[in-house]
Every structure is written in C-alpha cells, then in structure tokens.
Amino acid sequence: MIELKGKAGEAVQLEAGQSGFDLLKKTGAKGMIALKLNGKLQDLAAAITEPGEFELIGLKTPEGEEILRHSTSHIMADAVQKLFPSAKVTIGPAIENGFYYDFDYPPGFKEEDLAAIEAKMKEIVKSDVRFARSEMKREDAVKLFEQKGEKYKVELINDLPEGSVIFIYQSGDFVDLCRGPHIPSTRYVKAYKLVSVAGAYWRGNEKNPQLQRIYGTAFADQEALDAYLQRLEEAKKRDHRRLGPQLGLFTLDDAVGSGLVLWKPKGTIIRNELQKFISEHLRRQGYSQVCTPHIGRLGLYKTSGHYPYYRESQFPPIIEKDFFADKVAEGCTCAQLANLMENGEIDGYLLKPMNCPMHIKIFASDHHSYRDLPVRLAEFGTVYRWEKSGELGGMTRVRGFTQDDAHLFVTEDQLPAEIEGCLELVKIVLTTLGISEYRVRVGLREPDSNKYAGTPEQWDKAEKACLDAAKTLGVAFTAEPGDAVFYGPKIDFVVKDVIGREWQLGTVQVDYQLPQRFDLSYTGADNKPHRPVMIHRAPFGSMERFVGVLIEHFAGAFPLWLSPVQVAVLSISEKFEAYAVEVTDALKIAGIRAESDLSAEKIGAKIRSATLAKAPYMLVVGQREQAERAVSVRTRTGGDQGSMPLEAFIKRCGEEIASRSLTIGSSA
RNA sequence: GCCGAUGUAGCUCAGUCGGUAGAGCAGCUGAUUCGUAAUCAGCAGGUCGUGAGUUCGAAUCUCACCGUCGGCUCCA
C-alpha cells in the first residue's frame with residue numbers, strides 16, 4: 001500500500017505497482033497528462049513507487065504545456081522522418097512558447113515543406129499511438145541508434161554521465177532517446193503550428209555541421225493557440241523598428257551602412273533627456289565627465305588586450321598612407337599585407353571598440369594620491385564594433401553606438417561600496433522609467449579556460465565582490481559561469497524585447513587587469529605606490545539599444561519628460577491662430593516642448609493626428625479659451641480634461657516634467 | 001558568416017497566364033473656418049532593391065550581388 005497526499009490535502013491509497021492512470025481514476029480528475037510526485041514529473045503510465053505528495057498536471061498549466069510541446073516535437077520528428085527518410089534526428093526540446101527539433105538534412109527544408117509536415121503530423125495525432133517509455137542499458141541504446149544510423153543520438157548517449165539511467169520513448173514507429181515525460185498518447189495534441197525553419201549549428205558551435213531547425217508551437221486548444229498568434233501580431237506593432245521610424249525617432253539607410261543609426265531630431269530629444277537625467281546623478285555621485293576621440297593608435301588596444309581578444313569584432317585598422325606606400329614600394333603582396341594586418345604587425349589607428357583605454361590614459365596623466373580616489377570618469381562615448389551581418393537589427397544590435405560609459409579607479413577597500421554605488425545608479429534608471437521586468441546576471445569566469453587575463457586569486461576577489469554586491473540589490477540574480485569579460489566578472493541587467501529576445505542593458509564590471517596592463521598606480525598613505533582597481537559601468541548600456549528597448553517598453557507613448565513633443569496646441573479654426581501661437585510661445589518660453597497645429601483641418605482630425613503621434617497633452621483653443629486666456633486640456637489616454645487657465649497649465653506641466661512622472665496628469 | 005523568408009510610391013499593401021504599374025494614408029494646391037480620434041475636390045509622386053541573362057516583350061522566369069526579417073544550445 002502506498003500513501004499519497006494531494007496538494008489540497010486529500011489522501012489517496014494505491015496498490016503497489018499501480019500507475020498515474022489508477023490515481024487518475026481514484027481522484028476522478030479529467031484531462032490530466034502527467035503526474036508530479038514529490039516535485040518530480042513522470043508519465044501517467046509509469047508505476048508509482050514511493051509515497052508522498054502528488055499533483056496531477058493538466059494541459060493548461062505551464063508544466064503541462066511544456067510536456068505537450070515536447071511531445072509535439074517528437075510527433076514532428078516522426079513526421080519529418082516519414083517524409084524525409086534521410087533526415088537524422090538530434091535534439092528537440094520544448095522552449096518558451098513552443099518547441100523546435102533539429103535535423104541533419106543537408107538538402108535543407110523550405111518553408112513550403114512545413115504544410116506537408118503538418119499534414120503528416122495530423123495523421124500521427126489521429127492514429128492515437130501511446131508514448132511508451134522503456135529503460136535501456138547504455139550499450140543497448142548505443143547499438144539501437146547505431147543501427148538506425150542516428151549518430152547524433154549515439155553522441156548524446158556517450159556524453160551522458162556515468163551511471164545515468166537511459167530512457168527510450170516510442171510512439172508508433174518513432175523511437176527517441178528522451179528523458180520525458182510525455183503526454184500519454186498522440187491524440188492529446190489538439191492545436192499546433194509549425195512556425196519557421198532555420199539553420200542551427202550542432203551544439204551551437206559554428207565549427208560543427210549546420211542542422212536544419214524547425215520551430216513550432218502547441219497549445220492545449222485552438223483558442224489558446226489563436227490567442228498566442230494574436231498576441232504575436234500585437235507585439236509586432238510595438239516593435240521599435242516599426243514605431244521608431246513611424247514616430248520620426250530614427251532612421252536606417254543602406255547608403256550609410258548596416259547597423260549605423262541616424263538619430264532624427266525627435267529621437268535625439270529623447271536621447272538628450274536621458275543623458276541629462278543620468279548626468280544629474282553623475283554629479284551627485286561624484287563623477288567627472290570627459291571627452292575622448294573616436295580613433296586611437298593600435299598600440300593602445302594591444303596594450304589593453306582589446307586588439308587580440310576582440311579582433312574579430314572590430315573594424316579593421318586604419319592604416320597610415322605612408323605605411324602602405326612604403327610596403328608597396330618594398331614589393332609587398334596583398335597576401336603579405338593581409339598577414340601583417342592579421343598579426344597586428346602594423347601601426348595604424350583603430351576605430352575605438354571601447355572607451356576604457358582612453359579613460360585610463362586620462363587617469364594616468366596625473367599623479368594620484370589615495371586621497372584622490374575614487375576617480376570616476378564618465379563619457380557618452382561612441383564605439384564601433386564589427387557585429388556579424390546576420391546579427392544586426394534595428395537599434396538593439398548595431399555597429400556604432402554610444403555607451404553611457406564610466407570608469408572608476410578605486411582602492412581595494414573602496415571596491416565593494418563603489419560597486420554598490422554603480423548598482424544603485426542602474427536601479428535609479430530602471431525605477432524612474434518603470435522597467436520592472438528584468439533579470440540580473442552575474443557573469444563569472446568559465447573554469448578551465450585560458451581565455452581570461454589575470455591570476456586566479458584576482459578573479460576570486462573580483463567575483464566575490466560582484467556576488468556580494470549583487471546580494472545587496474534585493475533582486476533575484478543568477479550566477480552564470482562563462483559570461484565574464486576577458487578582464488573580469490560583471491553584473492548585467494537583462495530585459496526582453498517585444499518578441500521575447502533578451503538584451504543586456506546596464507552593466508557593472510570589475511577589472512584587475514587593465515590597471516596592471518597600463519601599470520597604473522596611486523600613492524598610498526604609506527607613501528608607497530599601489531595598484532588601483534577599475535570598475536567599468538554603463539547604466540543604460542548603449543543609448544541605441546536602451547532607446548530601442550524603451551520605445552517598445554512604452555509602445556512609443558513616452559512619459560511627458562521624454563516626449564519629443566510634450567504639448568500639441570490645436571486651434572479650432574483660423575480665427576484663433578494668433579492665440580494658438582501665443583499659447584505655444586508661452587509654453588516654449590517656460591521650457592516646454594510645444595507645437596501648434598494650425599492646419600485647416602477640423603478639431604477632430606487634429607486630435608486624431610496628435611494622438612497618433614503620441615503627444616501626451618493636447619490643448620484645444622478656440623473662442624472660449626481666447627476670451628479667458630485659458631486652454632482646454634486633453635491627455636493622450638484620458639480624453640477631455642476640461643478647461644483651465646493657461647498659466648495654471650504651464651505650472652502644472654512644468655512640475656510634471658521636473659518630477660519625471662510616468663503618468664500624464666499625475667501632479668494635478 | 002551560415003540556414004530560411006523577403007524587397008512594388010514617404011508608409012501599408014494590390015498587381016491573374018510574361019503584354020509595358022494601381023489603391024488607401026501621408027504630401028502639395030484649392031475650397032471649407034468647423035468644439036474633442038479622419039471635411040471635400042483636384043494634383044503630384046515609381047530605375048518594381050541593384051546588375052546581368054532568357055524572351056519580340058520581364059515587377060512577373062534564371063543567376064549573382066545588396067538590404068531587411070526570423071533563427072544559429074532555452075540542450076536526451
């Protein structure tokens with residue numbers, strides 16, 4: 001007899017050897033697809049072997065959806081192999097909002113193949129075959145997949161840790177190595193859709209063969225699937241690549257180049273407001289602002305280590321004219337020149353990929369006493385990086401961008417407090433803008449890798465400082481080995497865009513390496529030279545990416561203080577043009593960004609166009625307003641707010657801008 | 001970079017079988033002078049991404065290139 005207890009406290013007794021299906025019968029629950037026993041998921045068909053707490057999993061729960069999607073990926077793989085027998089299977093997990101399966105199939109799939117695969121899947125679903133699990137010995141499993149010619153599965157089995165139990169799932173003719181669990185049978189799949197095909201490298205490594213990935217999604221019912229597809233459509237409308245040009249914020253032009261953003265006047269207002277905002281906090285936190293050029297000699301970046309470590313993601317060096325002329329005169333071939341470039345055996349200039357070396361040189365240009373520290377140098381510094389062409393997109397992945405960068409030169413003792421100060425700044429930014437959906441990632445070094453500069457002792461200290469600081473944040477964070485920069489560990493703030501992709505915004509990085517590489521020092525209280533520690537930090541990350549994400553966050557409807565046009569003054573007719581201009585001028589004098597719409601349109605049309613342009617405030621002015629030197633106030637979302645004296649509106653609007661309020665009309 | 005999709009007016013999109021390019025919005029001009037999400041009329045606007053090729057004839061078919069979009073470990 002096995003004693004089980006449900007979540008609601010109900011007790012159920014089972015005979016030894018009975019399964020989840022028996023439990024299902026006893027509880028009378030319907031539409032369940034899996035069982036969670038003592039926190040572990042298992043198939044309904046599997047025998048229940050231990051007492052404890054159980055939970056039956058339905059299709060409409062997150063865990064149920066994940067199982068459904070994983071099972072659907074098996075059905076898809078089955079369909080693919082029926083239609084394309086030479087396709088080899090690799091992995092096919094459930095992912096957020098769907099699933100994928102990777103196949104080795106060199107001819108490749110076309111999007112038009114998806115319909116045929118879906119049709120075949122329909123047959124498999126209808127055939128109502130069970131997902132049957134069996135346990136196998138490693139040798140038997142290897143033999144099974146070798147016979148089938150499934151070399152990737154063999155590789156996966158061989159990589160499983162010693163002593164792990166190997167499970168095989170069979171549904172109809174399809175056999176797959178899989179840890180499960182699965183839905184009981186294929187007919188549980190009610191609503192699914194194959195979304196796209198893509199190339200994907202085996203184990204994500206470009207050096208491995210490229211596989212064919214098919215993405216799909218599945219939901220408990222058609223309604224849920226339709227709702228999901230609807231949500232995707234809605235999200236597309238908030239995409240910064242659509243809204244940005246639409247609202248006149250930025251443009252991208254082939255003739256300028258891929259990944260190079262042209263900020264239009266309205267976008268520049270947003271960028272400048274953000275910079276003004278952060279600059280206020282920089283002053284408060286004791287930063288000094290500096291300016292540095294866009295290029296610097298190659299040697300500088302060899303010293304810093306950026307040239308060797310990041311050469312692949314840099315624009316090639318700019319070489320001096322004389323150097324080329326001399327080499328050509330010496331009879332140097334193209335291949336030899338390319339080689340010199342490759343090895344960095346050239347002198348020239350690099351379009352700067354990072355600002356730190358120049359800030360370091362500013363620090364090093366003066367002698368520093370311990371009394372001067374921390375020295376905090378900040379710059380809105382523009383950098384250029386050669387991102388792979390396939391990874392470019394909108395404002396979030398570009399080749400030229402401006403970081404709200406700063407470098408702090410601190411003593412070892414000051415490090416924890418300074419890291420916390422940087423984190424506080426990031427928090428101020430996120431809070432002021434109402435960004436609450438983000439995660440914090442502490443990037444640590446990958447053990448057993450030689451791609452990092454510095455000693456293990458320094459890394460230990462730096463990693464500890466980051467982890468300690470992250471703990472003071474009061475926000476959950478994950479430590480991720482392998483995500484460090486070559487010179488040190490870091491704390492990143494990561495947000496999602498409208499289509500669910502993650503982007504790193506703010507970052508704080510600890511660095512023991514560059515001070516050493518540049519032989520930086522300060523004089524301590526003991527009158528001896530000491531090595532400072534550096535912190536790199538950027539609360540926004542880059543202005544381009546941050547504004548891109550912000551456009552989506554606000555769906556283009558920026559809070560008053562950021563709105564390019566804060567107040568649209570709408571005249572009822574030509575008769576009140578003079579008053580409309582007077583009102584607009586009064587607002588401008590008060591430092592409010594105002595524009596008047598004096599067109600021959602009717603008031604309804606003017607309101608419509610100002611609303612579509614996302615102007616936070618609209619002022620309707622006509623006979624009544626002119627007579628009383630008043631304005632009729634309308635907000636972007638709240639409609640008609642009634643009339644008030646012009647001066648009162650200016651005061652209220654000014655206060656609301658100064659407070660950087662997130663809601664329109666909040667200070668009223 | 002690689003796999004797949006895609007590119008027609010400023011924007012959103014139509015364009016059949018290969019027969020010489022169309023709408024709405026935006027713009028311009030005129031009329032209208034109006035009270036809270038679209039006043040009416042007229043006009044103008046295109047190297048059909050670029051370049052080759054096939055053809056009597058190409059937006060349409062073929063190839064190359066360029067740009068854009070989705071994806072390239074969320075791990076049995």
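Worth knowing before you read on, the calculation uses all heavy atoms, side chains too, and leaves out hydrogens, waters and symmetry mates. In what follows, chains carry the letters A, B, and so on, assigned in the order in which the sequence lines appear, proteins first and then strands, with residues in each chain numbered from 1.
Summarising the geometry, the separation between CD on A:E601 and C1' on B:U29 is reported as 14 Å, rounded to the nearest angstrom. Residue A:R397 contributes atom CZ, which lies 13 Å from atom P of B:C69 at whole-angstrom precision.
Distances from the side chain of A:Y215 to the nucleotides B:G70, B:G35, B:C72 place B:C72 closest.
Not one side-chain nitrogen or oxygen of A:Y201 sits closer than 4.0 Å to the OP1 or OP2 atom of B:G1. Using a 4.0 Å cut-off, some side-chain N or O of A:R241 falls inside it from OP1 or OP2 of B:C69. For the pair A:S258 and B:U68, the criterion of a side-chain N or O lying under 4.0 Å from OP1 or OP2 is met. Within the 4.0 Å cut-off from OP1 or OP2 of B:G70, at least one side-chain nitrogen or oxygen of A:R501 is found. In this model, the phosphate group of B:A76 is approached by a side-chain N or O of A:R179 to a distance below 4.0 Å at OP1 or OP2. Remark: A:K575 is not in phosphate contact with B:U33, judged by side-chain N or O atoms under 4.0 Å from OP1 or OP2.
Partner assigned to B:A26 is none, using Watson-Crick or G-U wobble distances below 3.5 angstrom. In this structure B:C61 sits in a base pair with B:G53, meeting the Watson-Crick or G-U test at under 3.5 Å. B:C69 and B:G4 make up a base pair, with Watson-Crick or G-U wobble contacts both under 3.5 Å.
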